[in-house]
Amino acid sequence: MLVAAAACPCPPLLVPEVAAGAAPELDGLRAACLDAVAVLAAARPDRLVVLGPADMTRRGPYPQGAAGSFRGLGVDLDVRLGQAPRDAGPADGSALPQSLAVAAWLLERTQWTGAPVEGLGVGEELETERCLAAGRELAGSAEERVALLVMGDGSACRTVKAPGYLDERAEPFDTAAARALGAADTAALAALDAALAHELKAAGRAPWQVLAGAGEGAGLSGALLYDEAPYGVGYYVAGWS
């Protein structure tokens with residue numbers, strides 16, 4: 001059963017080494033993400049599943065210790081998803097999709113040891129019903145206490161300088177998504193329009209709908225910890241417990 005969840009955005013700029021001189025601009029977002037991970041630790045889960053958007057070549061499950069890297073962004077920084085196996089070599093691979101690499105960095109930053117960790121790369125265009133079904137499967141065991149760390153950005157069309165330019169539909173979409181995450185409203189998350197999310201470049205839609213499926217009937221309450229659109233992209237952080 002799902003006992004806790006955290007929703008965080010996944011821009012690589014969340015990692016200070018990647019952001020470099022611009023790192024202080026997202027200090028508030030980093031602090032909110034760390035607070036959200038603390039919600040997961042406080043729930044004392046048996047298993048933590050980290051999920052986030054992934055392209056076609058990196059969809060699917062990832063085991064604990066899977067390696068990720070920010071070298072493609074010009075930064076000599078490698079990460080692992082949770083604690084590496086004892087016989088693991090250096091974390092110099094880049095198998096993790098970017099969203100899970102950012103999550104791995106967050107977990108390393110908080111020195112996560114609360115439970116075994118596994119990852120799931122979710123296709124950004126995965127149909128809503130398949131997302132909900134995947135979430136129900138993740139939380140399906142009544143005996144196992146499961147927590148989710150859900151990575152995903154809102155629309156990328158909030159300003160003329162945003163990656164997707166300005167789209168007047170972006171702010172209402174982000175408002176609805178942030179409200180649903182903050183209220184742990186699984187029905188509202190499930191109702192997000194997948195086609196509109198794709199047009200607005202909202203990469204978090206599919207992971208959020210996996211969360212919606214996992215959270216059905218769990219009776220969790222939510223808190224919205226961050227809701228801003230720096231760089232014209234909707235970033236929100238929420239904790240469910």
Side-chain angles (χ1 to χ4, degrees), residues 1-10 12 14-15 17-18 30 33-72 75-123 126 131 134-152 204 206-208 210-211 213-215 218 237 239-241:
M1 63 178 178
L2 185 70
V3 296
C8 297
C10 51
L14 198 62
V15 179
E17 292 88 340
V18 176
R30 288 187 198 93
C33 289
L34 297 176
D35 287 344
V37 174
V39 171
L40 304 179
R44 298 185 178 181
D46 299 319
R47 177 168 60 112
L48 173 64
V49 181
V50 180
L51 55 123
D55 63 29
M56 186 173 295
T57 64
R58 297 193 179 184
R59 297 173 186 173
Y62 291 86
Q64 174 155 309
S69 174
F70 295 97
R71 296 186 185 192
V75 176
D76 187 14
L77 177 63
D78 302 311
V79 292
R80 285 193 184 276
L81 191 63
Q83 294 182 330
R86 290 184 178 180
D87 59 350
D92 56 0
S94 57
L96 290 174
Q98 177 179 286
S99 62
L100 298 192
V102 173
W105 174 84
L106 275 176
L107 293 176
E108 288 186 2
R109 189 69 173 255
T110 60
Q111 299 181 324
W112 176 269
T113 57
V117 182
E118 60 190 67
L120 180 64
V122 181
L126 190 67
C131 291
R136 293 172 189 135
E137 183 176 352
L138 285 175
S141 172
E143 294 78 24
E144 187 178 40
R145 295 169 57 82
V146 178
L148 298 182
L149 175 53
V150 182
M151 310 299 291
W208 298 333
V210 175
L211 170 60
V237 179
W240 294 14
S241 61

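What you see is a predicted model; the values in this text were computed from it and never measured. Values below: every heavy atom of this structure, side chains too, minus hydrogens, waters and symmetry copies.
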(message) What's the separation between atom SG in Cys131 and atom CG in Leu211, rounded to the nearest 0.5 Å?
(response) 11.0 Å
(request) Evaluate the side-chain proximity of Val39 to Trp240: yes if any heavy-atom separation is below 4.5 Å, no if none is. (result) no
(request) Write down the atom of Ala115, the atom of Arg47, and the distance for their closest heavy-atom approach. (result) CB-N, 3.9 Å
(message) Do Leu51 and Leu138 have side chains that approach each other closer than 4.5 Å (heavy atoms only, starting at C-beta)?
(response) yes
(message) Is there a side-chain contact between Met1 and Val146 in this structure, where contact means two heavy atoms from C-beta onward sitting under 4.5 Å apart?
(response) no
(request) Write down the atom of Gly52, the atom of Leu100, and the distance for their closest heavy-atom approach. (result) N-CD2, 3.6 Å
(request) Would you indicate whether the side-chain heavy atoms of Asp76 and Phe70 approach each other to under 4.5 Å? (result) no
(request) Taking the side chain as every heavy atom from C-beta outward, state whether Leu48 and Leu40 have any pair of such atoms under 4.5 Å apart. (result) yes
(request) Give a yes or no on whether Glu137 atom CD has more than 12 heavy-atom contacts from other residues, nucleotides or ligands under 6.0 Å away. (result) no
(message) Do Cys33 and Pro9 make a side-chain contact, defined as non-hydrogen atoms from C-beta onward lying under 4.5 Å apart?
(response) yes
(message) Has Glu118 got a side-chain atom pairing as donor or acceptor with Val50's backbone, closer than 3.5 angstrom?
(response) no
(request) Work out which heavy atom in Ala104 is nearest to a heavy atom in Val79; give both atom names and the distance. (result) CB-CG2, 3.9 Å
(request) Ignoring hydrogens and angles, tell me if any N or O in the side chain of Arg80 forms a donor-acceptor pair with the backbone of Gly65 under 3.5 Å. (result) yes
(message) I'd like to know if the side chain of Ser99 and the backbone of Pro53 have a donor-acceptor N/O pair within less than 3.5 Å.
(response) yes
(request) State which residues pass side-chain hydrogen bond (donor to acceptor under 3.5 Å, both in side chains) with Asp55; sequence neighbours excluded, sorted by chain then number. (result) Thr57
(request) Give a yes or no on whether the backbone of Gln83 and the side-chain of Gln64 come within a donor-acceptor separation of less than 3.5 Å. (result) yes
(message) What I'd like to find out is whether the side chain of Leu149 reaches to under 4.5 Å of the side chain of Val49, using heavy atoms alone.
(response) no
(request) Using a 4.5 Å cut-off on heavy atoms from C-beta on, say whether the side chain of Leu96 contacts that of Tyr62. (result) yes
(message) Using every non-hydrogen atom in the two residues, find where Ser69 and Asp78 come nearest and quote the distance to one decimal.
(response) OG-OD1, 3.1 Å
(request) Could you tell me which residues satisfy side-chain hydrogen bond (donor to acceptor under 3.5 Å, both in side chains) with Arg30, sequence neighbours excluded, listed by chain and number? (result) Asp27
(message) With a 3.5 Å distance limit and no angle check, can you tell me whether Arg109 reaches the backbone of Leu34 through a side-chain donor-acceptor pair?
(response) no
(message) Donor-acceptor pair, distance only, cut-off 3.5 Å: does the side chain of Asp46 make one with the backbone of Arg145?
(response) yes
(message) Testing the basics here: between Leu148 and Ala214, what is the closest heavy-atom pair and its distance to 0.1 Å?
(response) CD1-CB, 3.6 Å
(message) Checking Ala218 now: which residues fulfil side-chain contact (heavy atoms from CB on, under 4.5 Å) with it, not counting sequence neighbours?
(response) Leu2, Leu220
(message) Using 0.5 Å steps for rounding, measure from the CD atom of Glu17 to the CH2 atom of Trp105.
(response) 7.5 Å
